[in-house]
Amino acid sequence: MYKTHGCGDLRAEHVGQRVELAGWVNRRRDHGGLTFVDLRDRSGVVQTVSNPELSQEAHAIAEQVRSEWVLHIVGEVRVRPEGMANPNLPTGEVEVEIQELEVLNQAKTPPFKINEESEVDEMVRLKYRYLDLRRERMQRNLELRYNVIKFIRDELGQRGFWEIETPILFKATPEGARDYLVPSRLYPGEAYALPQSPQQLKQLLMVAGVERYFQIARCFRDEDQRGDRQPEFTQLDIEMSFVEREDVMELLEGVYSSLIEKLFPGRPVSVVPWPRLTYQESMDRFGSDRPDLRFGMELVNITDLAEGSGFKIFEGAVEAGGEVRGINCVGCGHFSRREIDELTEMIKPFGAKGLAYLALQESGEPRSSFAKFLPSDRLDAVIKRLDANPGDLLLFVAGERDIVLESLSRLRAHLGERLELYDPDALSFCWVIDFPLVQWDAEGQRWDPSHHLFTAPMPEDLSLLDSDPGKARGLQYDLVLNGEETAGGSIRIHDRGLQEKIFELIGLDLDTARERFGHMLTAFEYGTPPHGGVASGLDRLCMILAKEPNIREVIAFPKNQAARDVMAGAPSEIEPKQLEELHLRIVE
RNA sequence: GGGGGUGUGGUGUAGCGGCCUAACACGCUGCCCUGUCAAGGCAGAGAUCGCGGGUUCGAAUCCCGUCAUCCCCGCCA
C-alpha cells in the first residue's frame, strides 16, 4: 500500500504519527521557502507542508509539483501552529510535514478545474468524464448511489429475497419500446434483443418457485432522450409469489422508508403508509397521474358554475362537452399582465386556447379577463369554491377535459417550483392505483395496455373486458416521488386463458402471441402461483435523492442527448469483417 | 420527425454594425516570497469569435444554411 491513511481522515488524534499518503495535488501554495501542497484523495483534503530545513530533496520536488499530479508523501502529522487552523477543512487542525516526496505521475493541466464546483460545459465534462468524476460533486453522487444500492441489497436479502441475474441477450418484444438488437453470427438474419426490462424472466422465476426475487437490472430502450431518461438505465426489479397488490406496495414503501431514514436522516419524508390515490382522483385533483404532493394548489372544477355564466369562452367549452377548471395561486394577485401572458404562452403547446385570470386585490375591483361578464353571485361562488382571499390570483382553463387537465397540471408544476412552495429537501411519495387496464390508441385503432400486457385486470372488472374494455381497471400501481414516476408494478396474470384473452384484446392474433410469448403461455400451464411485482428506476431515485437536475449526474458514464458516448465515441462504425461475420450489409 | 435555447482564449462570461488591433475573472508559464489555505507581488503567453455562404464601405454583432450541444413535444408496453 502506498498509504496508511486517507488524506481526509487525519485529525488531532493522529498528531505525532508518521503517515504515508497518496493522492492528487488539489492546490499548491509556494511561498518560496515554504511550500504548501493540499493533497486530495477520495476521503478528502489535507494540507501538507514542505520545509527545506527538513528535507532539501523533498522541497526541490514540491516546488515542481503541479495541479493533479499524483504524489506519494511520507511525513509526520502535526498540530498547526497557533492561529493557523483552518475551520473550513475537516482536517484543518492538523497538517502533514513532508519528509519524503515521490511523484507517482505527472498530469497535464486539466481542461477544467477539478478542485472547485465551477460550471463547465457538459460536453467537455462528458468527454473527460474520468476527470469530471474526480470532482467532489460526482464523487458524492457515486457514493450516494452505491449506498442506496447496497442498502436495497441488504434490506431485500434480510426480507428473504434472492438476487438473480437474467440474460442481457434475450428476445425481441415488438410491443413497447424499440429494442436494441444484437445480430447473431451463428444464425443469419436472426438477432437477440437487449431487455427493456426482465419482465418475462422474473415471472418465469415465479413459476420456478423462487417466490421472492430481485435484481439490480440494467435495461435498454432505444427511444429518444430526456433529462430523466437514458438509453440504458438501472432498475430495481422485484417479483413476489402469493401476494396481493397491497403486499407489494407495502414492501417497497417499507424498503424505501427505511432507506431514507438510514441514509438521509432529517429529510422530510412521507409517513407510511404513503397516500394511495386512484387514477381518477389523481387526475381530478392534480390533472396528472404523477402528482407532486409537496404542495397544494389543487385543480378545482367550476364547470357547473361556468355553464350559463355569461362568459362565452366558458359557456362554449361546457356546451362542447368540455370542462372549466382553475387553480388558486395564493398571494400572486400582484402578477403583472406580462407575467400572466407568459403563463398563457406556456400552456398553449398543450392545446389550451387561453388562460382566464382573476386577481383579487387587497382593495377595490379585481383585475380580471372575464369577471365583468359574470353576475356577481356567480363570481362570488367561483371565488368561494377556490377558497380565494384578497391578494390571490386565480387561473382558469376551459376546453376539452384532457387539455384542461394537462395545461393546469403543467402550470401547477411550474408555479410550485417558481414560487418555492415546497421544502427542497422534502421527499413526498404517493401511490397511484386503479389505472385503466387498456387505453384506446386512436392512431393504431386498437387497445393498448396502460402498463404492460401481463397486468391482471381487477377481478370485479373482468366482465368489462368484453363489454367496455376502457372501463376495466388493472391491478396496477405507480409510485410517484416529488412528481416523478419512480416505480411501477402490478399483479400479473397467471392463467393461460386470461392471458390469451388480453393478447386478443390488444389485437395480437393467437399465432403471433404464441410465437412471441409461447414460453410464457406454456409456463402458465405448469402450476403458476399468483404473483406480482414492481420495478423502480434507480437512476431517477438517486437523481432526486442527490437533488440533481439530470439523470446523467448520477450515472458514471452516461450517453448524451443524442445517445452518444462522447468520451469513447460510441456508437462507432463497424469493421467490414464484423459486418460480414454477422451477415449484415449497410443500406444507404 | 418537430419546436426552442446556446456556441467568443483551457474554463466561465462581457461585447450584439465602426470606439474590437476582442474585454474581464479564474486557470496556465516565468521570476520574487518561510504560515498560506480562493495565498500574495511582478511580468507574460494564449481566440482565424463553431463552420460555410450572403447583406454592407465595414460583421463576433444582421440574414440564410450547416454542425455541435442542451431543454421540450412526439416516442418511452
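What you see is a predicted model, and the numbers here were worked out from it, not measured in a lab. Chain letters run A, B, ... following the sequence lines, proteins first and then strands; every chain starts at 1.
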Asker: Between B:rU66 and B:rA23, how many Å separate the two P atoms, rounded to a whole number?
Answerer: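 That atom pair is separated by 34 Å.
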Asker: Would you check if the side chain of A:D179 reaches a backbone N or O of A:R221 as a donor-acceptor pair within less than 3.5 Å?
Answerer: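 Here the side-chain-to-backbone pair does not exist.
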Asker: Once you measure the plane-to-plane angle for A:W440 and A:W447, does it fall in the parallel (<30°), tilted (30-60°) or perpendicular (>60°) bin?
Answerer: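 Answer is perpendicular, since the angle exceeds 60°.
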Asker: Strictly distance-based, threshold 3.5 Å: is any side-chain N or O of A:S490 a donor or acceptor partner for the main-chain N or O of A:T455?
Answerer: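 Checked: no pair found.
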Asker: At 4.0 Å (heavy atoms only), tell me whether A:E116 reaches a base, stays on the sugar-phosphate, or touches nothing.
Answerer: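 Nothing: the residue A:E116, judged by heavy atoms under 4.0 Å, touches no strand.
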Asker: Remember a base hit wins even if backbone is also touched, and classify A:R552 as base, sugar-phosphate or nothing at under 4.0 Å, heavy atoms.
Answerer: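 Here A:R552 touches the backbone only, sparing every base.
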Asker: Base, sugar-phosphate, or nothing for A:D121, non-hydrogen atoms under 4.0 angstrom?
Answerer: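 Sugar-phosphate, backbone atoms only, no base.
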Asker: Partner lookup for B:rA60, please. Criteria are Watson-Crick or G-U wobble with both distances under 3.5 angstrom; report none if nothing qualifies.
Answerer: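 WC or wobble partner does not exist here.
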Asker: Check this for me: A:E76, atom CD, are more than 12 non-hydrogen atoms of other residues, nucleotides or ligands nearer than 6.0 Å?
Answerer: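 For A:E76, atom CD is crowded (more than 12 foreign heavy atoms under 6.0 Å).
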Asker: Under 4.0 angstrom, heavy atoms only, what part of the nucleic acid is A:P349 near: base, sugar-phosphate, or nothing?
Answerer: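 The residue A:P349 makes no contact with any strand.
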Asker: Does the structure show a Watson-Crick or G-U wobble partner for B:rG40, both distances under 3.5 Å? Name it, or say none.
Answerer: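 B:rG40 is paired, partner B:rC32.
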Asker: What I'd like to find out is whether the side chain of A:Y477 reaches to under 4.5 Å of the side chain of A:V534, using heavy atoms alone.
Answerer: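 Counting from C-beta outward, A:Y477 and A:V534 do come under 4.5 Å.
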Asker: Does A:Y213 have any ring pair (Phe, Tyr, Trp, His ring centres under 6.0 Å) partners at least two apart in sequence or in another chain, and if so, which?
Answerer: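 Partners of A:Y213 by the ring pair (Phe, Tyr, Trp, His ring centres under 6.0 Å) criterion come out as none, since no residue qualifies.
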Asker: For A:R290, what residues pass the salt bridge (charged side-chain N to carboxylate O under 4.0 Å, His left out) criterion, not counting sequence neighbours?
Answerer: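 So A:R290 forms no salt bridge (charged side-chain N to carboxylate O under 4.0 Å, His left out) with any residue.
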Asker: With sequence neighbours left out, what residues match A:F454 under ring pair (Phe, Tyr, Trp, His ring centres under 6.0 Å)?
Answerer: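 Only A:H452, A:F517 meet the ring pair (Phe, Tyr, Trp, His ring centres under 6.0 Å) criterion with A:F454.
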Asker: Any heavy-atom pair between the side chains of A:T486 and A:R540 that's under 4.5 Å?
Answerer: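 SC-SC contact between A:R540 and A:T486 ruled out.
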Asker: Which nucleotide, if any, forms a Watson-Crick or G-U wobble pair with B:rA23, using both distances under 3.5 Å?
Answerer: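 By the stated definition (distances under 3.5 Å), B:rU13 pairs with B:rA23.
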Asker: Please list all pairs meeting salt bridge (Lys or Arg N to Asp or Glu O under 4.0 Å) that have one or both residues in residues 484-493 of chain A, counting only residues at least two apart or in different chains.
Answerer: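 Every pair satisfying salt bridge (Lys or Arg N to Asp or Glu O under 4.0 Å) with a residue in residues 484-493 of chain A: A:E239-A:R492.
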Asker: Walk me through whether A:V103 and A:L71 qualify under side-chain contact (heavy atoms from CB on, under 4.5 Å).
Answerer: CA-CA 5 Å; A:V103 176; A:L71 305 183; 4.0 Å; yes
Asker: Write out all pairs satisfying salt bridge (Lys or Arg N to Asp or Glu O under 4.0 Å) with one or both partners inside residues 43-53 of chain A, taking only residues at least two apart or from two chains.
Answerer: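 Listed by first then second residue: nothing to list.
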Asker: Return the residues of residues 133-141 of chain A meeting this criterion: a heavy atom under 4.0 Å from some atom of RNA chain B. Order them by number, or give none.
Answerer: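 None - not one residue of the stretch has a heavy atom sitting under 4.0 Å from the strand.
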Asker: Heavy atoms only, 4.0 Å cut-off, all strands: where does A:N550 land among base, sugar-phosphate and nothing?
Answerer: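 Sugar-phosphate: the residue A:N550, judged by heavy atoms under 4.0 Å, touches backbone atoms but no base.
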Asker: Just checking A:M84: base, sugar-phosphate only, or nothing, at a heavy-atom cut-off of under 4.0 Å?
Answerer: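 Result for A:M84 = base.
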Asker: Please name the nucleotide paired to B:rG7 by Watson-Crick or G-U wobble geometry with both distances under 3.5 Å, or report none.
Answerer: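 In the structure as shown, B:rG7 has B:rC67 as its Watson-Crick or wobble partner.
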Asker: Below 4.0 Å from chain A heavy atoms, what is the first contacting nucleotide of RNA chain B and what is the last?
Answerer: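 Listing 5' to 3', RNA chain B meets chain A from B:rG1 to B:rA77.
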Asker: Return the 5'-most residue of the pair A:V120, A:Q199 with respect to RNA chain B, ranking by each residue's nearest nucleotide.
Answerer: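 Its nearest nucleotide being more 5', the pick is A:V120.
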Asker: Which value, in whole Å, describes the distance between the C1' atoms of nucleotides B:rU13 and B:rU6?
Answerer: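 Taking atom C1' in both B:rU13 and B:rU6, they lie 13 Å apart.
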Asker: Which parts of residues 72-80 of chain A get close to RNA chain B, meaning a heavy atom less than 4.0 angstrom away?
Answerer: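 When residues 72-80 of chain A is checked for heavy atoms under 4.0 Å from RNA chain B, the hits, listed by number, are A:R78, A:R80.
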Asker: Quick check: on RNA chain B, is the nucleotide nearest A:R410 upstream (toward 5') of the one nearest A:N560, or the reverse? Name the residue that is more 5'.
Answerer: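 Final value for this comparison: A:N560.
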Asker: If you take any heavy atom closer than 4.0 Å to RNA chain B, which residues from residues 488-499 of chain A end up in contact?
Answerer: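 Of all residues in residues 488-499 of chain A, none places a heavy atom under 4.0 Å from RNA chain B.
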Asker: Find the partner of B:rG74: check Watson-Crick (N1-N3 plus N6-O4 or O6-N4) and G-U wobble (N1-O2, O6-N3) distances, both under 3.5 Å, and reply none if neither fits.
Answerer: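 Its partner: none found.
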Asker: Using a 4.0 Å heavy-atom cut-off, does A:Q47 contact any base of the nucleic acid, only the sugar-phosphate backbone, or nothing at all?
Answerer: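 Base contact.
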Asker: Using the C1' atoms only, state how far B:rG4 lies from B:rU48, rounded to an integer number of Å.
Answerer: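 Straight-line distance between the two C1' atoms is 30 Å.
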Asker: Could you give the distance separating B:rG44 and B:rG54 at their C1' atoms, to the nearest angstrom?
Answerer: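 Taking atom C1' in both B:rG54 and B:rG44, they lie 40 Å apart.
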Asker: Which value, in whole Å, describes the distance between the C1' atoms of nucleotides B:rC24 and B:rG46?
Answerer: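 After rounding to an integer number of Å, I get 15 Å for this pair.
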Asker: Checking A:W24 now: which residues fulfil ring pair (Phe, Tyr, Trp, His ring centres under 6.0 Å) with it, not counting sequence neighbours?
Answerer: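 So A:W24 forms no ring pair (Phe, Tyr, Trp, His ring centres under 6.0 Å) with any residue.
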Asker: Mind checking if A:S118 touches a base, just sugar-phosphate, or nothing, with heavy atoms under 4.0 Å?
Answerer: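 It contacts nothing in the nucleic acid.
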Asker: For a quick check of understanding: with a heavy-atom distance under 4.0 Å over all strands, which category does A:S67 fall into, base, sugar-phosphate or nothing?
Answerer: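 Touches sugar-phosphate only.
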Asker: Remember a base hit wins even if backbone is also touched, and classify A:E95 as base, sugar-phosphate or nothing at under 4.0 Å, heavy atoms.
Answerer: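 The residue A:E95 makes base contact.
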Asker: Can you list everything that forms a side chain to side chain donor-acceptor pair (under 3.5 Å) with A:R564? Sequence neighbours excluded, please.
Answerer: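 A:R564 satisfies side chain to side chain donor-acceptor pair (under 3.5 Å) with no other residue.
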Asker: A:H494: what forms a ring pair (Phe, Tyr, Trp, His ring centres under 6.0 Å) with it, not counting sequence neighbours?
Answerer: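 For A:H494, no residue satisfies ring pair (Phe, Tyr, Trp, His ring centres under 6.0 Å) once neighbours in sequence are set aside.
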